[in-house]
Amino acid sequence: MSAVIEPVVSDEQRKVTITSWKVPAIFAVFTVLFALMPLLAPREGVSTFRLVRSAAAAIQLPDLVVPSNPTAWVCVALMAVATVVAFLRTRAGRPSPLWLTIVYVVLLLVGFLAWASAGATLPMIGLLTGSLALATPLIFGALGGVIGERVGVVNIAIEAQLLSGAFSAALVGSLTGTPWLGLVAAMIAGLLVGLVLAVFAITYFVNQIIVGVVLNVLVVGLTTFFFSTVMADNTATLNSPELFRVISIPVLSEIPVIGPVLFQQTVLTYLMYIVVAIVWYGLYHTRWGLRLRAVGEHPQAADTVGIKVAATRYANVMLAGAIAGMGGAFYTLVSNPQFGREMTGGAGYIALAALIFGKWDPIRATLAALLFGFATNLQGVFSVIGSPVPSQFMLMLPYVVTLFAVAGLVGRSRPPAASGQPYIKG
Amino acid sequence: MSAAETAPKPSRWHVALRQITTGGAAISVLSVVLALIAGSVLIAITNESVQSAAGYFFARPMDTVAAVWDAVSGAYAALFRGAVFNPNASGFAAQIRPLTESLKFATPLIAAGLGVGLAFRAGLFNIGGQGQMLMAAAGAGYVGAYLDLPVGLHLLVAVVAGVVAGGIWAGIAGYLKARTGAHEVILTIMLNNIALYLLAWMLATQGILQAPGSNNPKTAPMAETALLPNLLGDRFNLHAGFILALVAVAFTWWLLERSSLGFRLRAVGENPHAARAAGISVSRSYVIVMVIAGGLVGVAGVSQVLGTVPTGFGGDIDAGMGFDAITVALLGRSSPIGILGAGILFGAFKAGGFSMQAAEQVPNEVVLVVQSLIVLFIAAPPLVRAIFRLPDPAQPRARKRGRHAKAVTV
Amino acid sequence: MKLELRGITKRFGALTANDHIDLTIEPGEIHCLLGENGAGKSTLMNVLYGLYQADDGDILIDGAVQGFSGPGDAMAAGIGMVHQHFMLIPVFTVAENVMLGHEQTKFGGRLDLAAARARVHEISKRFGFNVDPDALVEDLPVGVQQRVEIIKALSRDAKVLVFDEPTAVLTPQETDELMTTMRQLRDAGTSIVFITHKLREVREVADRITVIRLGKVVGEAEPTASNAELASLMVGRAVELTVHKDPPTLGDEALVVSGLTVTDDVGTVVVDDVSFSVHAGEVLAIAGVQGNGQTELTEAIVGLQDRVSGSARLNGRELAGRSVRDILDDGVGFVPEDRSVDGLVKEFSIAENLMLDRSHGEPFVSRGTIRQNALNDFAREKIDEFDIRTQGPAQAAGRLSGGNQQKVVLARELSRDLSLLVAAQPTRGVDVGSIEFIHTRIVAARDSGIPVLVISTELDEAAALADRIMVMYRGKVVGIVPGDTPREELGLMMAGMSGSSALGGETSA
Amino acid sequence: GAAPEEETASGGNGGTEDAASDFLPCIVSDFGGFDDKSFNQLSLEGVVQAAEELGVEWKEVESNAETDYAPNLENLVAQGCNAIVSVGFALAPATIENAKANEDIDFILVDDAADADFDGETDVPTIKPLLYDTAQAAFLAGYLSAGYSETGKVGTFGGQEFPTVTIFMDGFKQGVDYYNEEKGTDVSVVGWDGETGTFTGGFEAGPEAKSAAQNIIDQGVDVLLPVGGPIYQSALQAIKESDSDIALIGADADLYETDPSTAEFVLTSILKNMDLSTYQAVTDSANGSFDPTPYVGTLENDGVGIADLHDFADKVDADLLAEVEALKESIIAGDVAVESYLG
Ligand SMILES: Nc1ncnc2c1ncn2[C@@H]1O[C@H](COP(=O)(O)OP(=O)(O)OP(=O)(O)O)[C@@H](O)[C@H]1O
Ligand SMILES: Nc1ncnc2c1ncn2[C@@H]1O[C@H](COP(=O)(O)OP(=O)(O)OP(=O)(O)O)[C@@H](O)[C@H]1O
Ligand SMILES: [Mg+2]
Ligand SMILES: [Mg+2]
């Protein structure tokens with residue numbers, strides 16, 4: 001045995017910072033592209049940003065008036081500065097911080113809004129309220145998706161859950177005359193779709209994508225069938241639900257800008273805030289979430305510590321369905337006082353995109369859905385205040401924005417390890 | 001008869017029966033039966049005669065039974081007449097015309113199903129059939145309606161334009177996935193919607209796709225020289241698009257089962273890690289497979305605009321088939337032959353659905369319900385066996401899942 | 001607590017993994033289970049742990065028959081298990097993993113992480129472990145992960161602890177420490193079932209030994225039995241425990257690696273400025289505990305790593321920066337560490353797997369089409385040559401046993417024109433009989449003048465094959481020593497220490 | 001309930017045994033389906049009314065996509081329909097094809113001239129096109145709205161940018177512009193500038209349609225004209241949630257009648273009386289007096305018009321109403337020109 005025993009190699013592993021030129025490159029490209037707008041199509045006049053909803057609001061804020069083209073140029077200049085900062089940092093081997101990206105995006109947005117709304121008034125409250133409204137069903141849907149996938153079951157059936165939720169809410173809401181029962185019915189409908197998904201995916205090991213896709217078709221078939229054979233002829237009794245009323249929350253709704261956007265909403269939107277918070281908190285800070293994530297990451301490991309994998313999956317897939325079903329209720333208890341055939345129009349797929357975009361995290365998925373809602377409504381507002389772009393291109397905007405965001409900024413993302421895998425015990 | 005005489009070993013019939021009842025064929029047939037039963041529930045409960053008869057069910061229950069029988073048998077008979085054989089028609093040609101209609105409807109489903117199935121085999125979930133079909137329609141439609149080319153060449157160029165357009169559209173998703181790692185599900189969903197509005201714009205713009213002198217968002221009719229010829233004469237609508245679909249099936253079969261490229265694509269689909277370690281470029285494979293898949297879906301778009309709807313088309317020429325294709329691919333277990341079969345089955349349902357609606361006023365959606373239930377039941381043999389109390393085969397087949405690459409997760 | 005297994009039978013389809021096994025574990029003993037790969041040891045333990053339901057037989061605790069419906073019941077009855085394949089959630093912290101399944105909560109259902117941390121600290125202290133409760137498991141070296149498994153089991157006050165091959169991933173020093181821990185536990189009254197293939201360890205700690213072969217108990221042995229006796233009990237025949245090889249006939253320096261550095265995608269330098277060379281006709285073994293950069297080093301050589309600097313030249317040609325396909329086409333044979341992930345496409349047939357890295361051009365492809373006949377002939381030939389136990393070339397590779405799967409990978413790589421063979425863990429999880437065969441083939445490759453680089457975490461294997469041994473620790477080279485260096489010294493080197501002769505050996509090449 | 005008499009229990013619905021009973025009118029919807037509260041529904045009502053008066057059965061089939069039109073028509077032909085109503089311009093090609101192949105069937109085509117070769121003639125003599133110069137009616141509604149508006153802003157938006165949609169928005173805008181010309185005012189139209197405008201991208205009611213309405217309301221309009229089937233429902237919801245009084249204008253049918261829940265918000269509706277013209281055409285066909293001359297609904301022949309003001313009658317200045325009435329006469333007389341794609 002040797003006499004000298006000493007460490008020759010240090011225990012610590014070296015760390016280096018990985019620098020990627022992606023951020024500065026994307027910044028540069030967007031800065032140049034954006035600069036082309038005020039350059040090639042300079043806009044006359046001023047842009048007015050209105051910060052109150054109406055003249056009747058309790059607290060009045062003056063309109064924000066800025067000269068359109070100069071503001072755009074200022075933003076371009078600041079974006080160029082941000083690009084240079086990102087470039088220098090990358091060259092120094094340090095990654096660009098998140099705040100720089102946020103600042104950049106805000107500049108891009110402000111510049112674009114100023115340029116595009118030349119000579120018009122941009123109602124900020126309406127822009128944001130509409131975004132939230134468009135995002136709400138997507139958020140519910142995406143949360144349902146997050147829970148499903150986090151417990152290891154891919155939920156392509158969000159669309160089915162939204163649609164069946166919308167249908168049941170309209171039906172039960174009409175029959176009982178109260179939106180609350182409509183909401184419960186929507187949750188039950190979503191839950192039942194989740195149950196079918198669970199039976200096939202968990203008990204019969206059927207490929208989860210198959211079940212999801214097929215459920216979407218099935219629910220379109222069923223709702224349209226019953227809509228046209230039963231509901232459409234009896235609109236007054238079967239398809240005219242009482243809607244949730246807008247409730248202003250005292251004090252909070254008086255906060256300038258944010259108040260009317262966030263706190264003059266229907267109960268369903270407030271429920272959405274609560275559900276997002278609960279799901280986030282529950283997922284990361286409670287026993288329920290810990291077990292759920294364990295089952296989705298490594299079902300066998302969960303099994304070895306006494307967690308019932310199949311039962312956990314069943315329960316949570318149904319819970320996920322119920323949450324997505326609430327999103328369905330939004331269609332017929334908030335947006336529109338009637339059910340219409342295929343009225344969710346593919347929102348479930350957008351919710352699916354939002355949850356992947358949001359990396360299977362409830363908060364990020366919510367933000368992704370909000371981004372989508374914002375882009376959609378921005379398109380709407382611009383088509384109203386007059387834009388030189390054909391309507392079809394405006395309608396394309398949210399999808400293009402999402403495409404760029406996903407491909408440019410987000411990139412590779414890692415789903416829960418066991419998502420999509422059936423758990424077959426020995 | 002003594003106990004010793006009674007079948008010391010199971011009779012041959014018994015063995016055969018057992019094989020049939022536990023085998024895949026039985027499951028398929030029983031799945032269809034189950035789905036049709038579910039469909040008949042829908043038909044019966046919404047039928048007016050049934051409803052009124054049920055109103056006095058306790059007074060005369062047989063009326064209800066008779067009404068249910070009338071409603072359901074009428075509907076399914078109409079379905080059969082519309083999809084397979086119509087004994088009421090005059091002349092054999094007219095009687096078998098429904099069959100050719102079924103093949104016509106099957107054409108785009110087969111082609112698009114191949115596009116989805118091929119991507120599955122390489123581990124990608126191509127949910128972008130809609131966009132690819134729309135772009136293919138735009139490409140083929142532009143050439144077909146607005147270019148002046150000689151006979152033969154015109155059709156060829158139009159077909160190629162459509163296939164290439166579909167391939168490019170899917171290729172964008174493949175490229176972005178390969179370059180940035182973005183998830184193909186998001187990419188293809190977004191590209192669907194972008195294609196939708198891009199086509200809407202082209203259809204509303206003179207000089208691109210809008211028919212000259214018209215205000216409607218529709219193209220002009222296709223030129224005669226660009227049309228896919230009818231296969232069985234003008235009495236039948238079945239056109240050469242079906243041949244294209246068969247060629248696509250053969251090509252895809254060769255690609256997957258025989259070619260080296262397909263070998264690499266399958267390897268990537270089954271195990272991208274092993275493929276990479278064996279020198280196969282995973283990212284390049286993603287681009288290649290999406291381009292080919294898009295081209296196959298493109299065949300569906302081409303056959304629609306140059307064959308099925310030659311009178312010019314509008315913005316929903318895809319008719320949801322990009323999504324139907326997923327079901328077809330799944331039912332066909334992502335194998336070219338399976339997709340051919342599944343496509344024809346669904347085509348038949350589609351053809352029959354129209355006749356059922358026209359003859360019995362049963363909404364088309366019953367067909368959607370029946371189709372989706374078939375797929376579900378076929379995917380879960382133990383469930384079907386349990387419902388019919390069939391014996392479990394010795395080797396559990398339940399876990400024999402489709403050949404979709406397992407890497408496909410969302 | 002006295003634990004009895006009576007007549008346990010467990011079948012998987014046609015295969016009987018456990019065939020009427022009887023086993024008794026007395027309170028406060030260390031009971032060793034010994035057996036070849038696939039003998040049925042893990043299956044038996046999984047039955048005991050409630051993870052599998054036995055087809056027949058009973059589990060008795062202190063004479064009372066138990067009806068475990070799942071691991072929860074087994075744990076409640078005082079059984080704990082450290083699994084062969086770790087049952088840890090990689091994206092959870094140590095504390096979260098330890099608390100999973102019996103979480104304590106505070107107000108509002110909030111998980112009481114503080115309590116879990118305290119528990120981890122307490123147990124760590126008791127056994128002298130050094131584990132950070134807030135570290136993510138996926139960031140931990142395997143040795144530490146194993147301690148987490150042990151803490152997990154102990155945190156539930158297990159009376160019977162099953163260790164399923166715990167030492168496969170440990171350095172010799174860590175193994176010694178583990179055995180100390182086991183004795184400590186035994187002395188405190190815990191019964192221990194210890195599964196291992198390593199005869200040395202068995203003889204060191206076991207109070208009793210049971211040998212299992214083909215699902216049946218084939219005998220009991222005393223800790224005093226010799227290696228040869230235990231081995232022949234295990235395998236059922238006399239086994240050659242050493243590899244015969246002649247001294248190497250060294251050619252030129254073929255592979256020259258200098259200053260090779262690999263960074264992973266979060267910026268950790270996993271291979272740090274590594275330089276060495278391999279001569280034609282020589283086997284250089286890289287030893288070290290798993291996770292010290294060996295894997296990344298081999299992957300960098302064949303082009304599978306993205307962030308690589310430095311150089312690796314093969315016969316004068318630079319490999320760094322070229323595509324995998326290019327490098328393989330240059331004659332580099334690569335046996336990846338994890339065959340089921342990187343080596344094989346399990347759904348593919350044996351024949352298809354044999355052409356996996358030759359899907360371009362001759363001999364298997366002409367004009368873009370696979371030449372089925374040529375491929376099948378080739379496959380049959382290789383099945384013969386490598387003695388792959390299978391029904392035929394069309395059988396799916398995933399249905400082969402581990403050893404046979406490994407032979408498919410070797411057959412593929414060894415039947416190309418090689419200019420370098422890189423084999424990572426060539427015999428991991430392979431039984432004694434197949435090990436013999438694989439080692440012979442590797443030595444044959446060396447003797448035909450091919451430079452060979454073998455990565456092994458098994459010191460015995462490294463010592464058996466290597467002409468020289470390079471030890472890596474934390475991504476760095478600790479030293480390069482002759483193949484006959486004593487194992488104690490290698491053990492120290494694997495922990496980043498150096499004995500005198502290690503310093504005296506050649507430290508660079 | 002009580003069981004009916006044995007004999008009639010098997011009778012089924014509809015059909016009495018008189019001579020007309022072998023006449024079978026049929027109708028195909030476009031992709032909107034028959035419950036669109038809009039032109040598919042109105043056309044169906046016309047058919048149903050005709051059939052009921054004739055004492056015959058009828059057949060209705062829905063289309064879900066443009067690829068459904070041809071097969072639906074073919075299957076109706078196979079059912080032995082004598083008159084087939086095709087609803088929507090999109091059905092024109094398929095209708096022409098089928099008419100060519102079945103000369104004994106009367107075809108009635110809503111919203112298209114069935115003139116694929118642009119020679120100014122209907123391509124097949126058995127097709128009767130039903131066209132509606134809705135712009136004339138929308139013109140009146142625009143004038144009325146401009147006069148009614150207190151904020152000086154009125155709004156409109158559509159489902160998709162189809163000519164049958166934009167014809168409403170165009171006429172509406174022309175009416176507003178005419179009012180401005182006459183009165184020297186500066187009432188503006190939000191959501192349509194004659195070239196581009198606001199569209200929801202589809203004809204489903206829901207969050208998209210509601211946000212579109214919301215965005216227009218945010219610009220301070222007090223009259224809103226949503227064009228496209230059920231999207232008015234979402235517009236109504238947006239109006240209800242806004243703090244201000246905003247009047248809704250219906251399109252196609254008189255919303256006040258078809259959807260009483262809108263009653264207190266509907267200023268008026270732009271009527272496209274498809275129920276009347278399909279009813280007439282089907283009845284003519286049954287009576288053997290089918291006349292394939294294209295029908296163009298105008299203010300003059302009451303094919304289009306604006307609905308009664310119902311509850312709003314006393315909220316609108318009587319002078320304004322008189323002006324609208326006079327304007328209608330001027331348009332009929334050709335003194336005021338309304339432009340639309342129908343010429
Ligand atoms: N879940 C399962 N399904 C089917 N076969 C299985 C399963 N688990 C184990 N087997 C088979 O049962 C036999 C015994 O396996 P087991 O894992 O118990 O072996 P072992 O003695 O632990 O071997 P090793 O030393 O390699 O860990 C092997 O042939 C194995 O392939
Ligand atoms: N490493 C790779 N991974 C994936 N696809 C590849 C790879 N190399 C080439 N390909 C693709 O495979 C096809 C054929 O490639 P190439 O011409 O390089 O090979 P080849 O030797 O001619 O192939 P084959 O022998 O199969 O005909 C091309 O479409 C190419 O893009
Ligand atoms: Mg084992
Ligand atoms: Mg004409």
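Residue numbers start from 1 in every chain, and the chains themselves are labelled A, B, ... in the order their sequence lines are given, proteins ahead of strands.
For B:Ala204, the part lying under 4.5 angstrom from a heavy atom of chain A is the side chain only. Only the side chain of A:Val230 has a heavy atom closer than 4.5 Å to any heavy atom of chain B. In this structure, the portions of A:Val400 lying under 4.5 Å from any heavy atom of chain B include both its backbone and its side chain. Of the atoms belonging to B:Leu196, not a single heavy atom falls under 4.5 Å from chain A. Heavy atoms closer than 4.5 Å to chain B are found in the side chain of A:Phe200, but not in its backbone.
Contact record, A:Met343 with A:Ala166: SD-CB, 4.4 Å, taken as the closest heavy-atom pair.
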Would A:Phe357 and A:Phe372 count as a ring pair (Phe, Tyr, Trp, His ring centres under 6.0 Å) if you check the C-alpha gap in whole Å, the side-chain angles of each, and the deciding distance to 0.1 Å?
-> CA-CA 11 Å; A:Phe357 189 2; A:Phe372 188 85; 9.7 Å; no
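Heavy-atom pairs under 4.5 Å with chain A peak, among B:Thr205, B:Leu198, B:Asp324, B:Asn364, at B:Leu198. Of the residues considered (B:Ile189, B:Val367, B:Leu176), B:Ile189 shows the highest number of contacts with chain A, using heavy-atom pairs under 4.5 Å. Note on B:Thr327, B:Leu368, B:Leu383: by heavy-atom pairs under 4.5 Å with chain A, the leading option is B:Leu383.
In this structure, the separation between OG1 on A:Thr344 and OH on A:Tyr349 is 9.5 Å, given to the nearest 0.5 Å. In this structure, CG in A:Asn155 is found 9.0 Å from CG in A:Leu215, a value given to the nearest 0.5 Å.
The shortest side-chain heavy-atom distance between B:Leu331 and B:Ile378 falls under the 4.5 Å cut-off.
Ring-centre distance between A:Phe167 and A:Phe227: not below the 6.0 Å cut-off.
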